[in-house]
Chemist: 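Please see the structure below; I have some questions.
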Amino acid sequence: MTAPDSVPLHALTEDNLAAASPDLLRAMVKTFADALMSAEADTLCGAGYEQVSDERVNHRNGYRPREWDTRAGTVELAIPKPLDPAVRRDTPDAVHQMRTTARRLRGCLRSYRSVLDRQVTDPVRRDLKWLAGELGVERDHEVLGERLTTGVRELPGELVLGPVKARLQAWDAAQRAEGRRRTLDALASPRYLNLLEKLKLLADAPPLRTKAAGKPQKVLVKALLKEYDRLVPRMDRALDMPSGSERDAMIHNARKAAKRLRYAAEAARPALGGPARRLGKRVKDVQRVSGAQHDSVVTCGTLRRLAVSAHAAGEPGFTWGLLHGQERAAAAAARERQLPEVWARAREAARRKALRP
């Protein structure tokens, strides 16, 4: 049963879309496509935009403008190449880029649901959550494995006691194989193919609600403030809690809310300009610092399990304990010093007056 204030897909004629002022939908479609193109360019070049890296194998050569005719109007963009082949070939960073794109799209569909028919978008959001979760097994291990390998490599040789590198390599191989299997199984599944079809239909026939007739700036600012209001109590509560596992979990929960606000702000940039760009950058700093704190917490857990396995095999546990101490110190630095600073800056950018274009 369709909600009384929604616009059925079959009723979205060209006249209805024109009256609905689909600037918001065009902005969202452009943001999604640009994110995909940038991610693919990073993958093909072996490095990010203007990034100096020994792994770079190519350079960008500009963009090819294209016009994409959708039911929301014509969107000017550069058509991106799909990330799917890069993920299947296990190209460096491809899994991360696809997972980020899925999360970004899911977040925007949630943030701007006031102008979208949820009967159409909610199933898409559920599938995007599933896809990001499947990709996350491989991606999370990539991050964790690189962090542990770097930690061992940077230790002086006299502090690496026992077969630390061998144990780490065996752990890495087993976990990496499982992550790769999960990724390839997801891309081969009917659910994934069905998701691709849903996304195409969503862009070709956006399910606008009657609220889409409002001014884009008003709709966007209201959506951003709602996401901010969801973030504030989570972050404030986390920062007020004493150190411990409960506080770590609360910071991680607040980080997810910050990520949604960031994605919503980035999608709003074509209409809101500088204010949305400033908010997106400052919330990204919150996400970065809280993410570093979470990575350290997760790494500590893995180090403890590796230390237990080493002890059971009669191996020294000194090196694992040393790495564990370093990660705890890193988590404390992010939690106690950096996070309150970047959060204060983000709050300034999220004031209603600051969001006026």
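Residue numbers count from 1 along this sequence.
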Chemist: Any sub-3.5 Å donor-acceptor pair from R88's side-chain atoms to L187's backbone N or O?
Modeler: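 Judged by distance alone, yes, a pair lies under 3.5 Å.
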
Chemist: Sequence neighbours excluded and cut-off under 3.5 Å, please list the side-chain donor-acceptor pairs for residues 129-137, or say none.
Modeler:
unit_1: E134; atom_1: OE1; unit_2: R182; atom_2: NE; d: 2.9
unit_1: E134; atom_1: OE2; unit_2: R182; atom_2: NH2; d: 3.1

Chemist: Give a yes or no on whether L195 and L201 share a hydrophobic cluster (residues Ile, Leu, Val, Met, Phe, Trp, Tyr; joining criterion: side-chain heavy atoms under 4.5 Å apart).
Modeler: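 Each belongs to a different hydrophobic cluster.
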
Chemist: Inspect the contact between D285 and R288 and indicate whether a charged nitrogen and a carboxylate oxygen are less than 4.0 angstrom apart.
Modeler: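 A salt bridge is present here (some side-chain N lies under 4.0 Å from a carboxylate O).
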
Chemist: Within a 6.0 Å radius of atom NZ on K281, are there more than 12 heavy atoms belonging to other residues, nucleotides or ligands?
Modeler: no

Chemist: R103 and T100: side-chain donor and acceptor closer than 3.5 Å?
Modeler: no

Chemist: Give, for atom CG of L231 and atom CD of Q287, the distance between the pair rounded to the nearest 0.5 Å.
Modeler: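 With rounding to 0.5 Å, CG (L231) is 11.0 Å from CD (Q287).
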
Chemist: Do side-chain atoms of Y112 reach the backbone of A264 as a donor and acceptor pair under 3.5 angstrom?
Modeler: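 Judged by distance alone, yes, a pair lies under 3.5 Å.
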
Chemist: Please walk me through it: do V289 and E341 pass side-chain contact (heavy atoms from CB on, under 4.5 Å)?
Modeler: CA-CA 10 Å; V289 173; E341 294 177 3; over 6 Å; no

Chemist: Answer yes or no: is there a donor N or O on one side and an acceptor on the other, between the side chain of R139 and the main chain of V95, under 3.5 Å?
Modeler: no

Chemist: After noting the C-alpha distance and the side-chain angles of R347 and D236, does the key distance pass the side-chain contact (heavy atoms from CB on, under 4.5 Å) rule?
Modeler: CA-CA 11 Å; R347 297 193 72 149; D236 286 349; 3.0 Å; yes

Chemist: Report the residues that fulfil salt bridge (charged side-chain N to carboxylate O under 4.0 Å, His left out) with E178, sequence neighbours left out, ordered by chain and then residue number.
Modeler: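 By the salt bridge (charged side-chain N to carboxylate O under 4.0 Å, His left out) rule, E178 matches R181.
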
Chemist: Restricting to non-hydrogen atoms, name the atom on A94 and the atom on V87 that form the minimum distance, rounded to 0.1 Å.
Modeler: O-CG2, 3.6 Å

Chemist: Could you tell me whether E227 and R230 make a salt bridge, using a distance below 4.0 angstrom between a side-chain N and a carboxylate O?
Modeler: yes

Chemist: Under 6.0 Å from the CZ atom of R304, do we count more than 12 heavy atoms belonging to anything else shown?
Modeler: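 For R304, atom CZ is not crowded (no more than 12 foreign heavy atoms under 6.0 Å).
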
Chemist: Within the side chain of R262, is there an N or O that forms a donor-acceptor pair under 3.5 Å with the backbone of G280?
Modeler: no

Chemist: Salt bridge (charged side-chain N to carboxylate O under 4.0 Å, His left out) between D248 and R335: does it pass, once the steps are laid out?
Modeler: CA-CA 9 Å; D248 292 337; R335 182 176 60 240; 3.2 Å; yes

Chemist: Using side chain to side chain contact (heavy atoms under 4.5 Å, CB included) as the criterion, list what pairs up with E146, not counting sequence neighbours.
Modeler: T150

Chemist: Give the other cluster members for L144, using side-chain heavy-atom distances under 4.5 Å between Ile, Leu, Val, Met, Phe, Trp and Tyr residues; answer none if it is isolated.
Modeler: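 Under the 4.5 Å side-chain rule, L144 groups with L148, V152, L155, L159, V160, L161, V164, L168, W171, L303, L306, F318, W320, L322, L323.
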
Chemist: Under 3.5 Å, sequence neighbours excluded: what are the donor-acceptor pairs made by side chains of residues 324-334?
Modeler:
unit_1: E327; atom_1: OE1; unit_2: R147; atom_2: NE; d: 3.1
unit_1: E327; atom_1: OE1; unit_2: R147; atom_2: NH2; d: 3.2
unit_1: E327; atom_1: OE1; unit_2: S296; atom_2: OG; d: 3.0
unit_1: E327; atom_1: OE2; unit_2: R147; atom_2: NE; d: 3.1

Chemist: Taking NZ, NE, NH1 and NH2 as the nitrogens, is one of them in R99 or E138 under 4.0 Å from a carboxylate oxygen of the other?
Modeler: no

Chemist: Between D127 and R106, is a side-chain contact (heavy atoms from CB on, under 4.5 Å) present by the stated rule, with each step listed?
Modeler: CA-CA 9 Å; D127 286 345; R106 176 173 172 256; over 6 Å; no

Chemist: According to the side-chain hydrogen bond (donor to acceptor under 3.5 Å, both in side chains) rule, which pairs have a member within residues 308-318, sequence neighbours left out?
Modeler: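 Sorted result for residues 308-318: R167-E315.
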
Chemist: Would a distance-only check, ignoring hydrogens and angles, find a side-chain to backbone donor-acceptor pair under 3.5 Å from S111 to C108?
Modeler: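 Between the backbone of C108 and the side chain of S111 there is no qualifying donor-acceptor contact (under 3.5 Å).
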
Chemist: Which atoms form the tightest heavy-atom contact between M235 and L339, and what is the distance?
Modeler: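 For M235 and L339, the tightest heavy-atom pair comes out as SD-CD2, 4.1 Å.
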
Chemist: I'd like to know whether NZ of K284 has more than 12 heavy-atom contacts from other residues, nucleotides or ligands below 6.0 angstrom.
Modeler: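 No, not enclosed.
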
Chemist: Please find the pair of heavy atoms, one from P207 and one from L202, that lie closest to each other, and give the distance.
Modeler: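 Where P207 meets L202 most closely, the heavy atoms are CD-CD1, 3.5 Å.
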
